[in-house]
Amino acid sequence: MVNETRVLEGLTEEEASRRVKKYGLNRLSNGKKVSAIKIFLEQFNDFIIWVLIGATIISGFMNEKADAITILIIVVMNAILGFIQEYKTEKSLEALKKLAAPTAKVKRNGKLKVINAEELVPGDIIILESGDRIPADCELINSNNVMIDESLLTGESVGVEKSDSGKNKNLYMGTIVLTGKALAKVICTGMVTEMGKIANMLDDIEGEKSPLKEKLAHLGKILVVICIVVCAVVTIMGILRGQDAYGMFLLGVSLAVAAIPEGLPAIVTVSLALGVSKMLKRKALIRKLPAVETLGCTSVICSDKTGTLTENKMTVKAVFFNGKIYNLDEEDIPKNSQLKKAFTYCNDCNFNFRNERLKDGVLGSPTEYALIEAYFRDLKEVKEFLTQVDKVQEIPFDSDRKMMSVLVKEGVKYNSYVKGAPEKIIDRCKYIWINGEVRVFTDLYKKEVLEALDRMSYKALRCVAGAYKEKASSKNDMEKDLTFIGIAGMIDPPRREIKDAVLKCRIAGIKPVMITGDHKNTAYAIGKQVDICKSMDQVITGRELDNLKDNELEKSIEKYTVFARVTPKHKLRIVRAFKKRAHIVAMTGDGVNDAPAVKEADIGISMGISGTDVTKEASAMILLDDNFATIVAAVEEGRVIYNNIRKFIRYLLSCNLGEVLTMFLSSLFYLENPLLPIQILFVNLATDGLPAIALGVDPKDEDIMMEKPRRKGENIFSRGLSEKIIIRGALIGICTVFSFVAGKYYGMGIDASRTLALSTLIMSQLIHVFECRSEKHSIFEINLFTNLYLLGAVVISIVMLLFVIYVPFLQNIFHTKALNLGQWLIVIFFSGIISFINSLYIFIGNTKKNGR
């Protein structure tokens, strides 16, 4: 039987360490990793960069060595920036992959431990339960009703029955435990396993593609075509006006390089990866990058109750026995041996009898532990009680049956003990234990039991009933004609932070929904405590769901916030009903049967502590602390990430549009080129890199959770973003041309006028980057010091500009002139006037709206 883990001590930690050195880690080959050199070289694998390098070579042949060297330096610096972004992203995703690796329950030094499956070695003793993915090739030591899905290896979808006796006792890495539980010994690990022999590759997080990234990559291609056409027009117009053909060619190429946002998809990936790291700090592990985008759209969160909304710390508070409810805060637990046997023999806990204290020596679910704790003071008492019987057979708990049964040998008799949901137990009972004798379970007795159940469940007690059968002969009649004994009522208090999280959901336009297997009254009591429901009208049971057709459920789904006594099949129906109402649904799950509902949800969420491997693999996100508040935090972070992506898209595209229009307008009005190719490339280096990346880590807006969820599939340019980009880009271009014309008007030389234009273009972009931090607030309302990365990036860009203007060596390369105070006033006026007027307009509008 599985509880033989009491006897089997497993390997010592020292022996396990020796075997790791001998056999290696238990993992499959992941193929060759992308090297840092390859990532760096890929920065040059771009059509525009090739053209620019070609232009550099031509410059060298035409003896324009200074231009050639400077262009080359700028290309290399851009490559270094791109490399840093991609390399950090790669490392972040690798670290996340390790965190998402499967775990195993193993016996080490006589204690049960949960370790990373990679640390398993041959000889380890592991415990397997329904829903677990087998972490290595094993041999069954002890098993109970074990059925394995071996379709990964054989292609056969039918489960294979396994037994510790006979030939069919080998388990293979990667296969899944469908039913039952087992004790197994690891015999092969890593590439020596059957899975290793066929070189199966593990799923990895890097393989996930972001739809947003793909959309922006597609947009980038369109922009490339548009920019090349515009740049070609500018070049041809310049040549037709008699300007140097080579110079105009170089200008066109430089303008294309500056105008095309080739780094946009890369910055999206960086932003998503940084966001995933932030979520990890808040105990939410993202397995699939697209989930980050979808999180911000979430409009319904369907959450399990136990452990997610509650603390998952069960304590037995009341026992119904012999027609009376015993309040354990005031009275002792009834000393009935039959009820004690039902809750102790029929129990999933594993015990380490080396310890005396229950807390140190009992491993099991909070419900199972609470039942042991109610009857025993220490493990010595437990051991004495368990040695009175031999466990012969077990039918594990199942979420559909909602009960567990054991067949034990007591002396010469075979008796069965059953525990589970009271309604399920009552349906199988023919007799009842009253005053030391067995009586027929009449309707009157049933009514009495159900009334007691109602009273207990109204107090938010989770109720578990116990029953037994004497002289049970086999597995087939273990659960028939039972004798009802009593009910244990346990309390699992709500987490302290849940009320605030639920309130935050409501303000954010998100509907919190509680799903539980508990009694309707218990579910209602907890739901009311955490403000998920206000009346019993908002509560529906699984049985009531069964009476509704799919279209009826779809019509009425909005009015329910609590679903009680539901099975995993009900969960799937609930998800589909909400989705048909155009909701974006996040759904939590832990058991293997929850996997379909988790997979069906827009955001599938598995439990990091209590979740099975199958559910984790079906999910997009894992809650490392099994906490509802963490889901809300992840939704908030998802909104922050999406907003930050909009911020740097707004910044990059409006700035790039400004650069293109500067050159196009000057050509259109037959002006001299306001910027040289080398200056355009410098603008790209100074403004496109660090400030854009810094926007990607901008902190959240304080009111981000006061907005309604955005629609799934919403265009990134919706809500007026495209208009902002076009208007601001046009104004940047116009003001740059005006500053160039002003220089010419006041009789400045061509180099001084171009320096004015260069400075105006860069400063207007650096001022605009602060505007991009909010779509609703002006610069006057934004705390500039909440993003020190952005401040640092802007300072670096300004210092670079000052170097180019005032360092003689760089003046020669970039063809600039030192500006005096009057010239700087022209720059500040043209670069700041638009931003000032726009911010003043927004500020006045917000003041009126807020009634100040």
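Predicted model, so just to flag it, every value in this text is computed and none were measured.
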Point to revise | Min side-chain heavy-atom separation Met456-Phe320 under 4.5 Å | key: yes

Practice item. Name all residues meeting the ring pair (Phe, Tyr, Trp, His ring centres under 6.0 Å) criterion together with Phe343; count only those two or more places apart in sequence or in a different chain, and write none if there are none. Key: none

Review point. Measuring from Cys349:SG to Tyr369:OH, what's the distance to the nearest 0.5 Å?
Key: 9.0 Å

Review point. What is the distance from atom NZ of Lys499 to atom CZ of Arg496, rounded to the nearest 0.5 Å?
Key: 13.5 Å

Check your understanding: Honestly, is Arg495 close enough over Phe628, meaning NZ or CZ under 6.0 Å from the six-membered ring centre and within 45° of the axis?
Key -> no

Point to revise | Lys579 atom NZ, neighbour heavy-atom count above 12 within 6.0 Å | key: yes

**Study point:** With Arg401 via salt bridge (charged side-chain N to carboxylate O under 4.0 Å, His left out) - residues at least two apart
**Key:** Glu479

Exercise for review: Would you confirm whether Asp701, through its side chain, and Asp703, through its main-chain N or O, come within 3.5 Å as a donor-acceptor pair?
Suggested key: no

Point to revise | Interatomic spacing from NZ in Lys700 to CD in Glu702 - rounded to 0.5 Å | key: 6.0 Å

Practice item. Please tell me if the side chains of Val513 and Val300 come closer than 4.5 Å, counting only heavy atoms from C-beta onward. Key: yes

Check your understanding: Under the criterion side-chain contact (heavy atoms from CB on, under 4.5 Å), which of Met514, Gln538, Lys511 is the partner of Ile532?
Key -> Met514

Practice item. Cation-pi check, Lys324 to Phe321: give yes when NZ or CZ is under 6.0 Å from the six-membered ring centre and within 45° of the ring axis, no otherwise. Key: no

Review point. Between Glu636 and Arg282, is the closest basic N to carboxylate O distance under 4.0 Å?
Key: yes

Exercise for review: State, to 0.1 Å, how close Ala452 and Ile325 come at their nearest heavy-atom pair, and which atoms those are.
Suggested key: O-CD1, 3.9 Å

Review point. Quick check: does any side chain N or O of Asp427 sit under 3.5 Å from a backbone N or O of Lys424, one acting as donor and the other as acceptor?
Key: no

Exercise for review: Check the pair Ser606 / Thr588 against side chain to side chain contact (heavy atoms under 4.5 Å, CB included), numbers first and verdict last.
Suggested key: CA-CA 6 Å; Ser606 63; Thr588 66; over 6 Å; no

Check your understanding: Can you tell which of Thr516, Asp492, Thr310, Asp518 makes a side chain to side chain donor-acceptor pair (under 3.5 Å) with Lys305?
Key -> Asp518

Point to revise | Validation row: Thr344, Leu371 side chains within 4.5 angstrom (heavy atoms) | key: no

Check your understanding: Should we count NZ of Lys446 as having more than 12 external heavy atoms under 6.0 Å?
Key -> yes

**Study point:** Side-chain (Arg646) to main-chain (Ser718) donor-acceptor, under 3.5 angstrom
**Key:** yes

Check your understanding: Is Arg565 salt-bridged to Glu544, going by a charged N under 4.0 Å from an acidic O?
Key -> no

